[in-house]
Amino acid sequence: MGTGIDIFLLAILGSFILRTVGFGFGIFIMTVLPFLLPSYGEATCLSGLLAMTTSVYVVVKMRRYLDWRRLGVILATFVVTSTAAIFVLKRLDNFYLRMALGIVLIVIAIYFTWLSGRIKLKAGVATQVTAGALSGVLGGFFGMQGPPAVLYFLSTEPSKERYMALIQTYLLTGNVVMLAVRAASGFLTPAVGWGYLYGLGGVAIGTMVGGMVFERIPQRSFRYVVYGYIAVSGIVILATL
């Protein structure tokens, strides 16, 4: 297993990203974490645990903006698809899946950036099922469930505060469910436990600094910051194949 300082630093940067744009902890940390733990499955488990800890803080802080009625369908769909994806994780070679994921993220970011003023996803059942299913597959396989749900909430919520409250509650609930499934699949090991202890201090620092940056991003510019990070995520994934 990698050194504690490696995981500590990764946790700082991952939590900073998550607190600033609402997602991206797994996308960032999973470029390095699989090399620091005994298996890929254990890396996704640790990533989910650390991201979950950041989300707990954000959900408590922004709970007044939360509307649970906006989460029902997309969250239920996510639970089903992510559970199925985790159970088949050991049977897949993820090289080509990650390549496709990187390309899709870049294309989506460019598409939504150019057409953000014309595109408005509807908060209907079909859209929520689609976003939840895609998010579940990405979360179960890669610990990167954010982008589909981010695009949905960013398009359907009127303020960055409501978006942040919903996406963090969504990610928190999803990570709790996936933690239980990963534990049942044998991925919650002593190595994950030690990694979590190493990363806790980094989570606290990254969350605090990220919150200060989030407060200073203008509402009108926030969606472009998010789209930009989606594009960067795609590039990072392709670069680390």
Side-chain angles (χ1 to χ4, degrees), residues 17-28 48 51-52 54-55 58-59 62-63 65-85 100-178 214 217 219-234 237:
I17 293 167
L18 180 60
R19 182 63 182 93
T20 303
V21 298
F23 79 108
F25 189 99
I27 293 173
F28 168 76
M52 187 172 66
T54 300
S55 294
V58 181
V59 169
M62 310 197 74
R63 62 189 181 278
Y65 297 105
L66 180 61
D67 183 355
W68 281 98
R69 295 170 297 179
R70 310 282 282 182
L71 283 169
V73 175
I74 186 173
L75 193 54
T77 306
F78 169 82
V79 169
V80 173
T81 54
S82 63
T83 300
L101 172 62
I103 294 171
V104 167
L105 288 177
I106 294 170
V107 171
I108 286 176
I110 294 173
Y111 183 75
F112 273 80
T113 300
W114 284 352
L115 300 178
S116 62
R118 305 176 192 176
I119 295 174
K120 186 69 175 178
L121 296 180
K122 296 181 180 180
V125 172
T127 309
Q128 290 187 60
V129 169
T130 301
L134 291 172
S135 179
V137 171
L138 297 183
F141 286 155
F142 310 115
M144 302 177 186
Q145 64 267 37
V150 163
L151 292 173
Y152 172 73
F153 289 127
L154 194 62
S155 185
T156 56
E157 297 307 318
S159 71
K160 67 177 185 178
E161 289 80 12
R162 285 186 58 175
Y163 154 80
M164 185 63 74
L166 281 169
I167 190 63
Q168 289 304 311
T169 304
Y170 173 85
L171 294 176
L172 171 59
T173 308
N175 276 321
V176 169
V177 172
M178 288 194 296
F214 173 79
I217 300 176
Q219 179 69 48
R220 64 182 180 277
S221 305
F222 184 74
R223 68 175 56 245
Y224 296 104
V225 174
V226 175
Y227 295 151
Y229 185 69
I230 291 177
V232 170
S233 301
I237 290 169

Considering non-hydrogen atoms only, spot the tightest contact between [X] and [Y] and give its length.
X: A133; Y: T81; answer: O-OG1, 3.6 Å
X: L134; Y: P148; answer: CB-CG, 3.8 Å
X: L18; Y: A51; answer: CD2-O, 3.7 Å
X: G24; Y: Y229; answer: O-OH, 3.4 Å
X: F78; Y: G174; answer: CE2-CA, 3.2 Å

Of T173, T169, L171, the residue whose pairing with V59 passes side-chain contact (heavy atoms from CB on, under 4.5 Å): T169
Out of curiosity, [X] [atom1] to [Y] [atom2], how far, rounded to the nearest 0.5 Å?
X: T54; Y: L172; atom1: OG1; atom2: CG; result: 10.5 Å
X: I74; Y: T130; atom1: CD1; atom2: OG1; result: 9.5 Å
X: W68; Y: L166; atom1: CH2; atom2: CG; result: 9.5 Å
X: R223; Y: L151; atom1: CZ; atom2: CG; result: 10.0 Å
X: F25; Y: S55; atom1: CZ; atom2: OG; result: 9.0 Å

Is there a side-chain contact between [X] and [Y], using heavy atoms and a 4.5 Å cut-off?
X: M164; Y: R19; result: yes
X: V177; Y: L75; result: no
X: E161; Y: Q219; result: yes
X: R70; Y: E157; result: yes
X: Q168; Y: M62; result: no
X: S135; Y: Y152; result: no
X: L66; Y: L71; result: yes
X: V226; Y: F23; result: yes

Partners meeting ring-ring contact (aromatic ring centres under 6.0 Å, His included) with F222 (sequence neighbours left out): Y163, F214
All side chain to side chain donor-acceptor pair (under 3.5 Å) counterparts of S82, not counting sequence neighbours: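 So S82 forms no side chain to side chain donor-acceptor pair (under 3.5 Å) with any residue.
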Non-neighbouring partners of R69 that pass salt bridge (Lys or Arg N to Asp or Glu O under 4.0 Å), sequence neighbours left out: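 Expected list: D67.
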Backbone N/O of V21 and side chain of K160: donor-acceptor pair under 3.5 Å: no
